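Keep in mind the model is a prediction, meaning the values are calculated, not measured. The figures here come from the full heavy-atom set of this structure, side chains too, leaving out hydrogens, waters and symmetry mates. One-based numbering along the sequence shown.
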Amino acid sequence: MGKKYVHCLLLGLVLMSLAACSVNDGRTRKTEVLLQSPFRTFGSSDTAQSKLSSSHPTAPLDLSADLTQGFTIRFLADIGLPTAEQVLLEVPKILKVSLRQHNPEEWIPQNYPAYKMSDGSVPVMEASLSLQSAQDPDVFRDLTVGIPLALLDKPEGKHEIVLQFTGVQWSLYVDGRLYDNDFALGYPSADRIKSW
């Protein structure tokens with residue numbers, strides 16, 4: 001009896017859905033689908049919170065206490081193939097961008113070995129963001145996004161790297177193209193960001 005009832009109910013819902021979709025009120029409905037480029041542009045801003053350079057490798061970083069609205073970090077990196085871990089940018093206790101060699105046989109937690117260099121190596125760039133747990137403010141977990149360098153047209157050389165935290169997503173762009181993102185469970189703690 002229960003199974004027949006469920007089948008009848010599902011059939012009724014399907015028929016009502018089909019009827020609702022086929023109602024013609026005399027108007028023609030147009031649907032527009034836009035194919036957008038995978039490339040993004042990030043306009044330069046004269047209102048940067050802080051700037052680093054080779055002559056000023058550290059600087060104070062005065063951020064608002066509310067990082068739920070997100071932030072964007074942009075920098076140029078002259079990338080070479082790493083033999084050991086190389087840190088490109090670090091904000092202590094908050095984020096780290098690095099190059100490293102990934103084990104070509106290790107497919108967990110990322111599918112980096114799907115994109116090997118011609119010599120079989122798997123150099124990767126990763127950006128880790130430390131997030132404070134909403135449930136337990138004493139717990140911080142790293143959220144990491146990354147790419148195997150073999151995905152880039154020219155892995156070695158100068159590249160513009162953009163890291164964007166929107167409040168819900170942590171994204172990695174290289175030369176204007178989104179390569180990886182993940183959803184955040186928590187937020188960076190502004191109390192931990194004093195300098196970079």
Side-chain angles (χ1 to χ4, degrees), residues 31-44 52 54 67-136 139-189 192-193 196:
T31 302
E32 187 174 325
V33 178
L34 301 174
L35 177 62
Q36 295 184 339
S37 167
F39 296 96
R40 305 284 190 267
T41 56
F42 296 91
S44 67
L52 300 179
S54 57
L67 292 179
T68 62
Q69 299 303 308
F71 58 86
T72 301
I73 295 174
R74 178 184 12 196
F75 65 97
L76 291 174
D78 193 357
I79 295 177
L81 300 180
T83 55
E85 183 179 45
Q86 290 179 291
V87 176
L88 299 177
L89 176 67
E90 185 170 19
V91 178
K93 298 182 183 180
I94 294 295
L95 78 88
K96 182 168 115 175
V97 182
S98 60
L99 300 173
R100 67 176 181 85
Q101 283 292 335
H102 185 77
N103 180 348
E105 303 301 319
E106 186 180 319
W107 287 78
I108 297 173
Q110 297 276 12
N111 65 342
Y112 295 150
Y115 303 96
K116 297 178 181 174
M117 300 295 279
S118 59
D119 65 357
S121 67
V122 185
V124 298
M125 176 175 26
E126 292 180 319
S128 296
L129 180 64
S130 181
L131 301 175
Q132 186 175 27
S133 169
Q135 290 76 27
D136 187 353
V139 175
F140 288 84
R141 291 194 177 98
D142 286 348
L143 177 62
T144 302
V145 293
I147 61 162
L149 295 181
L151 275 176
L152 301 175
D153 291 336
K154 295 179 182 176
E156 296 184 82
K158 293 186 181 193
H159 296 279
E160 181 186 57
I161 314 298
V162 175
L163 305 168
Q164 187 174 53
F165 178 70
T166 65
V168 293
Q169 273 187 331
W170 177 232
S171 303
L172 169 65
Y173 296 83
V174 180
D175 298 327
R177 185 179 193 131
L178 174 64
Y179 278 97
D180 196 13
N181 66 350
D182 204 349
F183 291 95
L185 297 173
Y187 299 96
S189 172
R192 297 174 96 188
I193 306 174
W196 63 325

Residues that [X] engages under side-chain contact (heavy atoms from CB on, under 4.5 Å), provided they are two or more places apart:
X	value
Q101	P82, S121, P123
T83	none
D136	S133, D138, V139
L88	F75, A77, V97, L99, M125

### Query
Do any N or O atoms from the side chain of D180 and from the backbone of L172 form a donor-acceptor pair under 3.5 angstrom?
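Checked: no pair found.
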### Query
Would L81 and M117 satisfy side chain to side chain contact (heavy atoms under 4.5 Å, CB included), going step by step from the backbone distance to the final call?
CA-CA 10 Å; L81 300 180; M117 300 295 279; 3.9 Å; yes
Does any non-hydrogen side-chain atom of [Y] lie less than 4.5 Å from one of [X]?
X	Y	answer
V162	T72	yes
V124	L149	no
K96	V87	yes
R74	I161	no
N103	V122	no
Q86	R100	no
Y115	H102	no
F165	L129	yes

### Task
Tell me, please, which residues at least two apart from Y179 pass ring-ring contact (aromatic ring centres under 6.0 Å, His included).
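Y179: no ring-ring contact (aromatic ring centres under 6.0 Å, His included) contacts found.
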### Task
Locate the shortest heavy-atom distance separating V145 from D182; write the atom from each residue and the value.
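For V145 versus D182, the nearest heavy atoms are CG1-N, 3.9 Å.
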#### Entry: G146 versus Y112, closest heavy-atom pair with distance
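Answer, listing the atom of G146 first, then Y112: CA-OH, 3.4 Å.
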Please tabulate, one pair per line, all N/O donor-acceptor pairs under 3.5 Å involving side-chain atoms of residues 104-111, not counting sequence neighbours.
none

### Message
Strictly by ring-ring contact (aromatic ring centres under 6.0 Å, His included), give each pair with a member in residues 142-162 just once, sequence neighbours left out.
### Response
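Sorted pair list comes back empty.
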### Qualifying residues under side-chain hydrogen bond (donor to acceptor under 3.5 Å, both in side chains), relative to S98, sequence neighbours excluded
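By the side-chain hydrogen bond (donor to acceptor under 3.5 Å, both in side chains) rule, S98 matches E85.
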### Message
Can you confirm whether more than 12 heavy atoms, excluding those of L185, are under 6.0 Å from its CG atom?
### Response
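No, not enclosed.
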### Message
Enumerate the side chain to side chain donor-acceptor pair (under 3.5 Å) contacts for residues 139-154, please, sequence neighbours excluded, ordered by first and then second residue.
### Response
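Matches after skipping sequence neighbours: S128-T144.
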### Task
Apply the test side chain to side chain contact (heavy atoms under 4.5 Å, CB included) to residues L76 and K158: give CA-CA distance (whole Å), side-chain angles for both, the deciding distance (0.1 Å), then the verdict.
CA-CA 7 Å; L76 291 174; K158 293 186 181 193; 5.9 Å; no
### Task
First locate atom CG of L163, then atom CG of N181, and finally report the distance between them rounded to the nearest 0.5 Å.
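It is 12.5 Å, given to the nearest 0.5 Å.
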### Pairs where residues 108-117 contributes a residue and the test salt bridge (charged side-chain N to carboxylate O under 4.0 Å, His left out) is met, not counting sequence neighbours
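Sorted pair list comes back empty.
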